[in-house]
Trainee: 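One structure, pasted below without further comment.
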Amino acid sequence: MSARLIDGTAVAERLRQEAARRVAAFTTLTGLAPGLATVLVGDNPASEVYVRRKRRAASEAGFIDFHHHLSASSSPGDVAAVLDDLAQDERVSGILLQLPLPAGFDRHGLVDHIPVAKDVDGLTTGSQGLLARGRPGLRPCTAAGVIDLLDETGINLEGAAAVIVGRSELVGHPAAELLLARNATVTIAHSRTRDLAEVTARADVLIAAAGIPRLITAAHIKPGAAVIDVGIHRTDTGLVGDVRFEEVAEVAGWVTPVPGGVGPMTIARLLANTIQAAEAAHARTVQPDAPSSGQ
Ligand code: ADP
């Protein structure tokens, strides 16, 4: 393979250590550790695994763990009531509502019960508005992790042709906003894009976030491009991404592995967002006019 690997595990570890240092400093300063609240609804096994990992990482970094697990038979009103309690609870710096919710729940309506200042997943209407406006705020974790990995390569994003495959609220769309904020020339491809390979072949930076196993082949890649694979799919032969790693690595200049690329960044960014939220909340108690969640 000719591409260089972008080691998400190593970058994530650095971010986690940095978050832990800030948590320790915050705890010394205020006398109380910051708290992360996770809310899980129903019994989706993958979600249970993700939430367990997030809670463990948060505890290791020194956050207090507040966890609520509601049964699949609970009502949207029950979930809203839990979120409203957490919104009021001063010990809770960040609130995460694990997605997907069971069928029939209004995701947008419920997520918006999380105050912008505690929105550590960056998914509320308010947080997404701040992102669209280029104002400081809490950014969606996976999209922010993608930018961290690109920064790791040393590539200058300014003016670079960036193509994002996928326009989801969780990843594709916020990644596009973050790249725009870095002055990349951004193209978003999606399920209706005609001739995907023709679009992606122009990319200096390619973000694969379509949720389709092995969609991106060597023919999609401009030689030397940096390729970030957001996909993660369990198959009979192990985990695969949206990118055909073996062939793409022969053409690209940089590529992330799966696992060990974007995956670990999501949790690391969650920790960074939660300490950012705690610091901003504390700053407001000291200086009430401070912005709701400065960088
Ligand atoms: P994720 O959880 O990774 O964000 P989603 O399943 O929510 O993924 O969204 C998938 C996105 O990928 C959608 O925006 C969709 O338009 C895009 N997409 C799906 N199929 C293709 C395709 N064949 N080519 C390009 N984009 C695609």
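Numbering of ligands and ligand atoms starts at 1, following listing order.
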Trainee: With heavy-atom distances below 4.0 Å as the criterion, list the atoms of ligand 1 near Ala209.
Mentor: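 Atoms satisfying the 4.0 Å criterion: 3 (O), 11 (C), 12 (O).
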Trainee: Does Gly172 have a non-hydrogen atom less than 4.0 Å from ligand 1?
Mentor: no
Trainee: Checking Lys118 side chain against Ala277 main chain: does a donor-acceptor pair fall under 3.5 Å?
Mentor: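 Here the side-chain-to-backbone pair does not exist.
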Trainee: With heavy atoms of Val171 as the reference, note each atom of ligand 1 found under 4.0 Å away.
Mentor: 4 (O)
Trainee: Are Val120 and Val111 grouped together when hydrophobic residues (ILVMFWY) are joined by side-chain heavy atoms under 4.5 angstrom apart?
Mentor: no
Trainee: Which residues pass the side-chain hydrogen bond (donor to acceptor under 3.5 Å, both in side chains) test with Arg182, not counting sequence neighbours?
Mentor: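 Testing Arg182 for side-chain hydrogen bond (donor to acceptor under 3.5 Å, both in side chains), a comparison that skips the adjacent residues, returns Asp151.
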Trainee: For atom 7 (O) of ligand 1, grab the closest protein heavy atom and report residue, atom and distance to one decimal in Å.
Mentor: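 That would be Ser168 CB, 3.4 Å.
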Trainee: Side-chain heavy atoms nearer than 4.5 Å, only ILVMFWY residues, links allowed to pass through others: does that put Leu157 and Leu180 together?
Mentor: yes
Trainee: If you measure from atom 17 (C) of ligand 1 to every heavy atom of Gly166, Ala143, Pro140, which option wins on shortest distance?
Mentor: Gly166
Trainee: Flag yes if Ile114 and Leu70 sit in one hydrophobic cluster, no otherwise; membership is Ile, Leu, Val, Met, Phe, Trp, Tyr, and two members link when side-chain heavy atoms are under 4.5 Å apart.
Mentor: yes
Trainee: Between Glu250 and Arg244, does any side-chain N to carboxylate O distance fall below 4.0 Å?
Mentor: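 Looking at Arg244 together with Glu250, the answer is no, because their closest N to O distance does not fall below 4.0 Å.
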Trainee: Does ligand 1 have any atom that is closer than 4.0 Å to a heavy atom of Val230?
Mentor: no
Trainee: Look at atom 2 (O) of ligand 1 and say whether a protein heavy atom is found at less than 4.0 angstrom from it.
Mentor: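 No.
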Trainee: How far is atom 14 (O) of ligand 1 from its nearest protein heavy atom, and which residue and atom name does that atom have?
Mentor: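 Nearest protein contact, heavy atoms only, for atom 14 (O) of ligand 1 is Arg167 N, 2.7 Å.
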Trainee: Heavy-atom contacts with Ile212 under 4.0 Å: which atoms of ligand 1 show up? List them by number with element.
Mentor: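 Atoms satisfying the 4.0 Å criterion: 19 (C), 20 (N), 21 (C), 23 (N).
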Trainee: Quick check on contacts: which atoms of ligand 1 are under 4.0 angstrom from a heavy atom of Val165?
Mentor: 25 (C), 26 (N)
Trainee: Which pairs with one or both residues in residues 256-266 pass salt bridge (charged side-chain N to carboxylate O under 4.0 Å, His left out), sequence neighbours excluded?
Mentor: none
